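Report on one structure; see the data block that follows.
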Amino acid sequence: MSEEEVIHVADVSEGIGGDATAEPGSPVELPVVDVLTGRSFITGKSGSGKSNTASVVIENLLSNGFPVMIVDTDGEYYGLKEEYEILHAGADDECDIVVSPEHAEKLATLALEQNVPIILDVSGYLEEDTANELLLEVVKQLFAKEKRMKKPFLLVIEECHEYIPEGGGMDETGKMLIKVGKRGRKHGLGIVGISQRPADVKKDFITQCDWLCWHRLTWDNDTKVVGRILGSKYASAVEDLGDGEAFLMTDWDESIRRIQFHRKETFDAGATPGLDDFERPELKSVSSDLVGELQSISDEKERRESEIADLKQELQKKDRRIADLERELEEARDLSDMADQFAQALLGKAEAPYRGGGRPPAGDERLGGTDDGDEGQSVLKSYDEAVAATEESDADPEAETDAAPGPGPSAADGGAEVDADAATGDAATADAADVDATAADSADEPNPPDDVDPVTRDDVAESALRFDEAIELGTREAVIDELRSRIESLPELSRGMLRHYRREGASDPVAAHIDAGGDGDSGHAYSRHRPIRRAGLIRHAGRGSYAYAVPDLVREAYADRLDEAQVDEIVRAVERVFVPSAELDYPPDAAPAEVGDRAPAGDDEAEENTDTDAADGDEEPSAPTDAGLSDAARRFAERSER
């Protein structure tokens, strides 16, 4: 792929914001590399043409053989299959394949390694959590693979305000998309966010975009966003844009143009239905091998789910069998107790004639003998009465206690109170015994083993991401060295312009060029201004002005964890490579006439300390070297380690 390859997507139109250097109707071309690897934002109210714009860009990329992945939230991009072989994956039967989070790694492999364009249709998932989990896993896999492959690839996100809202409530999926926006470019992974409400989209994402496309907007909150970014005249003009017309703002040529996008060539599945009959076009099918690879994952998932269902059913059967056995065991225990009770009753009756010390009466040698039948019947009757008495005793244990009076005071003498106290004491003793027994059982019971979760492939991918982030954390010295190397690589006049921005805070390139010793030619000024801007040392402040950004870079490197004194120390260490030591002792906005070649009186000690620090290798006062750096500093550490 050539670095200069472009795609023709629109033409210049007339009106406010038109390109003064091009006639209306002149072609508008986008560089392919910047589109594939950059960050962009397309917005406009419903019907203004934002989805058409995205489709035109995608059609041009597909025609030139560059695959993309489209996250379709409304099921309106399948019309691309009229001309292109795209894998349509989602939850509907109309998709080529029904996918779930288990397919995430395979989808990323097809997209990056086999150049398969994919429509990830999340509109058919009934559970929003399932759709979010699928998108999260796919983006994780794309990011992890791109760190190794470094292949230009574009991810298109429809209705991005649902994932990266301006207010609170952003989940893990939104955080991952923000991570792609901040760090994906250096790996080759670009992202396009599409939304009809720019006011609802997180501004951290919009302000980092390399190119922005503003279609017609009418709500005050949305036009205010246009005014803050483009200017007040665009805030009013954006309300009058026609269908498909937009303001295009690009970083690569630092321009704002009013353009008319081409009409998409494939079937418009997102068009508002009319009274005419709906005719679905003939759509191209994808290779059966691709679908087969994904289907094998689905089959494996169904097989596992079937096995789990069988195991659950078998477990339920075993649980029911265990319950039956426990019930039978309990019944057996009851029968055993009953047998013991009968045996005790029979034994007590057999011993009854001997308890008085006498001999058994005649005829008792043979129970129920022929010599005395009446006495035999009497013995049997006594036996039955004994058994009945035993059963009654078991049914009401208090009855025997009440029926057997013991010695003690009568009710009149306060015996009731004594009995109550005794009962209370017995209950307390029983409770204490129960507690001791429970404690003993607990002491004898072994501790249950800790559960060990299996390590899955997703766990490995997540660990790899965390490990990569950990090794990219730098130190304070890495931040200073990185910013110094950027400044030292600037031409002499560009460094002078940077000093001008440091003094003025915010200024324009021509004024900075003249102050640095250059002429008033705007072409010369912008050519020497461009290295400073590309190095990130200044930032666009609106309406052609730029602001000094070194302190902001230091704050972002430490994720705003430093206080202002620590930020000033690091900034001073960086500024020594292009600001004279005498000028460092004055505020950045001091007039040049106030700054001499030498330090002011009374600052000899400070200058001596500065020279000593420089001799010692720019060793700085103590700072929180262990503070964790933000995403913005991770690229600093990467360069410093090399």
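Please read these numbers as outputs of a predicted model, since none were measured by experiment.
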With no hydrogens and no angle check, is any side-chain donor or acceptor of [X] less than 3.5 Å from a backbone partner on [Y]?
X    : Y    : answer
E166 : K203 : yes
S494 : R528 : yes
H103 : S100 : yes
R495 : L490 : yes
K264 : V56  : no
E82  : F267 : yes
E556 : L553 : no

Non-neighbouring partners of [X] that pass salt bridge (charged side-chain N to carboxylate O under 4.0 Å, His left out), sequence neighbours left out:
X    : answer
D200 : none
R263 : D268
E254 : R533
K81  : D96

Check: [Y] and [X] side chains under 4.5 Å, non-hydrogen atoms:
X    : Y    : answer
F143 : L155 : no
L142 : V138 : yes
Y501 : L537 : no
T43  : V201 : no
L107 : Q141 : no
D11  : P27  : yes
F66  : L154 : no
W252 : L30  : yes

Step by step, would you call V12 with V28 a side-chain contact (heavy atoms from CB on, under 4.5 Å)?
-> CA-CA 7 Å; V12 176; V28 177; 3.8 Å; yes

Let me confirm one number: the [atom1]-[atom2] distance from [X] to [Y], rounded to the nearest 0.5 Å.
X    : Y    : atom1 : atom2 : answer
E158 : L120 : CD    : CG    : 13.0 Å
I191 : K182 : CD1   : NZ    : 12.5 Å
L283 : L80  : CG    : CG    : 10.0 Å
S195 : K50  : OG    : NZ    : 7.5 Å
H161 : I194 : NE2   : CD1   : 11.5 Å
M149 : L189 : CE    : CG    : 11.5 Å

Not counting sequence neighbours, list each pair that qualifies as a salt bridge (charged side-chain N to carboxylate O under 4.0 Å, His left out) and has a residue in residues 208-234.
->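 Qualifying pairs: R39-D210, R185-D210, R197-D222, R216-D243.
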
Mind checking what makes side chain to side chain donor-acceptor pair (under 3.5 Å) contact with R534, not counting sequence neighbours?
->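 R534 satisfies side chain to side chain donor-acceptor pair (under 3.5 Å) with no residue once adjacent residues are dropped.
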
Please enumerate all residues that pass ring pair (Phe, Tyr, Trp, His ring centres under 6.0 Å) together with [X], with sequence neighbours excluded.
X    : value
H262 : H8
Y546 : H529, H540
F261 : H215

Nearest heavy-atom pair of [X] and [Y]: which atoms, and what distance?
X    : Y    : value
I86  : P117 : CG2-O, 3.4 Å
P31  : V6   : CA-CG1, 4.0 Å
D34  : W211 : O-NE1, 4.4 Å
A111 : I118 : CB-CD1, 4.0 Å
K186 : R183 : CG-O, 3.4 Å
L493 : G518 : CD2-N, 3.9 Å

Any side-chain donor-acceptor pair under 3.5 Å between S13 and E245?
->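 Note: S13 and E245 side chains meet the donor-acceptor criterion.
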
Does a side chain donor of either E76 or S51 reach within less than 3.5 Å of an acceptor in the other side chain?
->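 Yes - a donor-acceptor pair under 3.5 Å links their side chains.
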
Take a 6.0 Å sphere around [atom1] of [X] and say whether it holds more than 12 heavy atoms from other residues, nucleotides or ligands.
X    : atom1 : result
D93  : CG    : no
W219 : CH2   : no
E159 : CD    : yes

D519: partners by side-chain contact (heavy atoms from CB on, under 4.5 Å), with sequence neighbours left out |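 Result, side-chain contact (heavy atoms from CB on, under 4.5 Å) vs D519: H513, D521, H524.
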
Indicate every side-chain donor-acceptor pair of residues 168-178 with a distance under 3.5 Å to a residue at least two apart or in another chain.
residue, atom, partner, partner atom, Å
D171, OD1, T173, N, 3.2
D171, OD1, G174, N, 3.1
D171, OD2, N132, ND2, 3.3
T173, OG1, N132, O, 3.2

Parallel under 30°, tilted from 30 to 60°, perpendicular over 60°: which one fits the rings of F41 and F205?
->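 Taking F205 first and then F41, their aromatic rings stand perpendicular (interplane angle over 60°).
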
Residue pairs fulfilling side-chain hydrogen bond (donor to acceptor under 3.5 Å, both in side chains) with at least one residue in residues 56-72, sequence neighbours excluded =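 Sorted pair list: E59-T266, S63-Y84.
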
